[in-house]
Amino acid sequence: QVQLVESGGGLVQAGGSLRLSCAASGRNFSTYAAAWLRQAPGKEREFVSGISWRGSRTYYADSVKGRFTISRDNTKNTVFLQMNRLEPDDTAVYFCAATRVGIVGTTPYEYDFWGQGTAVTVSS
């Protein structure tokens with residue numbers, strides 16, 4: 001079993017930056033693909049970014065490409081999401097997720113473990 005705990009959310013002005021962290025506990029996390037997904041009020045949960053188990057492959061939604069960077073440190077069982085040039089449309093609860101499969105999926109149904117989420121609010 002894997003437990004995920006996100007941190008780093010908050011309130012920021014448009015154009016600002018935030019760095020989200022996802023700390024994992026449990027065995028085998030370093031062999032799982034991981035991702036960040038977000039859910040804005042009244043909207044479905046959507047894929048933001050994913051990273052393969054070794055960190056060699058990364059994936060981004062078109063809406064965040066060039067602004068967000070995902071990374072992981074398997075020695076610390078932690079996944080990061082660096083968010084730059086934030087926009088009001090980035091406002092959402094951000095969830096960290098992991099899958100036993102080492103391949104990144106882009107739908108919520110492909111993930112086995114979830115964190116509780118961290119809220120990001122971007123003011124205009």
Side-chain angles (χ1 to χ4, degrees):
Q1 191 74 5
V2 170
Q3 293 183 329
L4 305 174
V5 179
E6 303 97 333
S7 61
L11 173 63
V12 64
Q13 288 188 330
S17 298
L18 284 174
R19 189 190 196 204
L20 305 184
S21 298
C22 172
S25 61
R27 299 177 62 182
N28 302 320
F29 177 76
S30 61
T31 66
Y32 296 170
W36 290 92
L37 297 91
R38 67 187 181 187
Q39 188 164 17
K43 294 187 177 181
E44 294 186 352
R45 195 167 297 189
E46 64 175 2
F47 175 83
V48 175
S49 180
I51 189 165
S52 60
W53 68 273
R54 198 159 46 182
S56 56
R57 296 187 178 186
T58 57
Y59 305 84
Y60 298 93
D62 288 342
S63 59
V64 307
K65 203 171 292 184
R67 299 188 297 122
F68 291 9
T69 302
I70 191 170
S71 60
R72 69 189 297 164
D73 183 345
N74 284 342
T75 66
K76 298 181 179 179
N77 275 4
T78 304
V79 178
F80 304 97
L81 185 68
Q82 178 67 43
M83 305 187 296
N84 297 330
R85 305 200 315 270
L86 282 159
E87 304 169 354
D89 284 349
D90 295 319
T91 295
V93 176
Y94 284 70
F95 296 90
C96 178
T99 173
R100 295 184 183 89
V101 177
I103 300 171
V104 172
T106 58
T107 69
Y109 312 104
E110 297 175 83
Y111 290 90
D112 304 303
F113 306 104
W114 291 86
Q116 81 289 349
T118 185
V120 172
T121 303
V122 184
S123 63
S124 56

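What you see below is based on every heavy atom in this structure, not just the backbone, and it leaves out hydrogens, waters and symmetry mates.
A distance of 9.5 Å separates OG in Ser21 from CG in Leu81, rounded to the nearest 0.5 Å. In this structure, CZ in Phe68 is found 5.0 Å from CG in Leu86, a value given to the nearest 0.5 Å. With values rounded to the nearest 0.5 angstrom, Lys76 atom NZ is found 15.0 Å from Ser30 atom OG. One distance of note links OH of Tyr59 with CZ of Phe47; it measures 8.5 Å at 0.5 Å rounding. Interatomic distance, Thr58 OG1 to Lys65 NZ, rounded to the nearest 0.5 Å: 9.5 Å. Note that the OG atom of Ser49 and the CZ atom of Arg38 stand 11.0 Å from one another [nearest 0.5 Å].
A cation-pi contact, defined as under 6.0 Å to the ring centre and within 45° of the axis, links Arg45 to Trp114.
Of all the heavy atoms in Val2 and Ala24, the pair that sits closest is CG1-CB, 4.3 Å. Of all heavy-atom pairs between Ala14 and Ser124, the closest is CB-CA, 4.3 Å.
Counting heavy atoms from C-beta on, the side chains of Trp36 and Glu6 come closer than 4.5 Å. Arg100 has its side chain within reach of Asp112: a pair of non-hydrogen atoms, C-beta onward, lies under 4.5 Å apart. Between Met83 and Tyr94, the closest side-chain pair of non-hydrogen atoms falls below 4.5 Å. The side-chain heavy atoms of Thr118 and Val93, taken from C-beta on, include no pair separated by under 4.5 Å.
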Check against side chain to side chain contact (heavy atoms under 4.5 Å, CB included), Val120 and Thr91: CA-CA 5 Å; Val120 172; Thr91 295; 5.9 Å; no

Residues Gln82, Ser71; criterion side chain to side chain contact (heavy atoms under 4.5 Å, CB included); working and verdict: CA-CA 8 Å; Gln82 178 67 43; Ser71 60; over 6 Å; no

Side chain to side chain contact (heavy atoms under 4.5 Å, CB included) evaluation trace for Val101 with Tyr32: CA-CA 6 Å; Val101 177; Tyr32 296 170; over 6 Å; no

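Within 6.0 Å of atom NZ in Lys43, 12 or fewer heavy atoms from other residues, nucleotides or ligands are found, so the atom counts as exposed in its surroundings. The 12-atom threshold is exceeded at CG of Leu11, counting heavy atoms of other residues, nucleotides or ligands nearer than 6.0 Å. Annotation: Glu87, atom CD; neighbour count of heavy atoms from other residues, nucleotides and ligands within 6.0 Å is above 12.
With hydrophobic clusters built from ILVMFWY side chains whose heavy atoms lie under 4.5 angstrom apart, Phe80 does not share a cluster with Tyr60. Leu4 and Ile70 fall within a single hydrophobic cluster, where Ile, Leu, Val, Met, Phe, Trp and Tyr are joined by side-chain heavy atoms under 4.5 Å apart, directly or via other members. Both Phe29 and Leu20 belong to a common hydrophobic cluster when Ile, Leu, Val, Met, Phe, Trp and Tyr are linked at side-chain heavy-atom distances under 4.5 angstrom.
Thr78 and Asp73 are not linked by any side-chain donor-acceptor pair at a separation below 3.5 angstrom, with hydrogens and angles left out of the test.
For the disulfide bond (SG atoms under 2.5 Å apart) condition, the pairs that include at least one residue of residues 2-116, sequence neighbours left out, are Cys22-Cys96.
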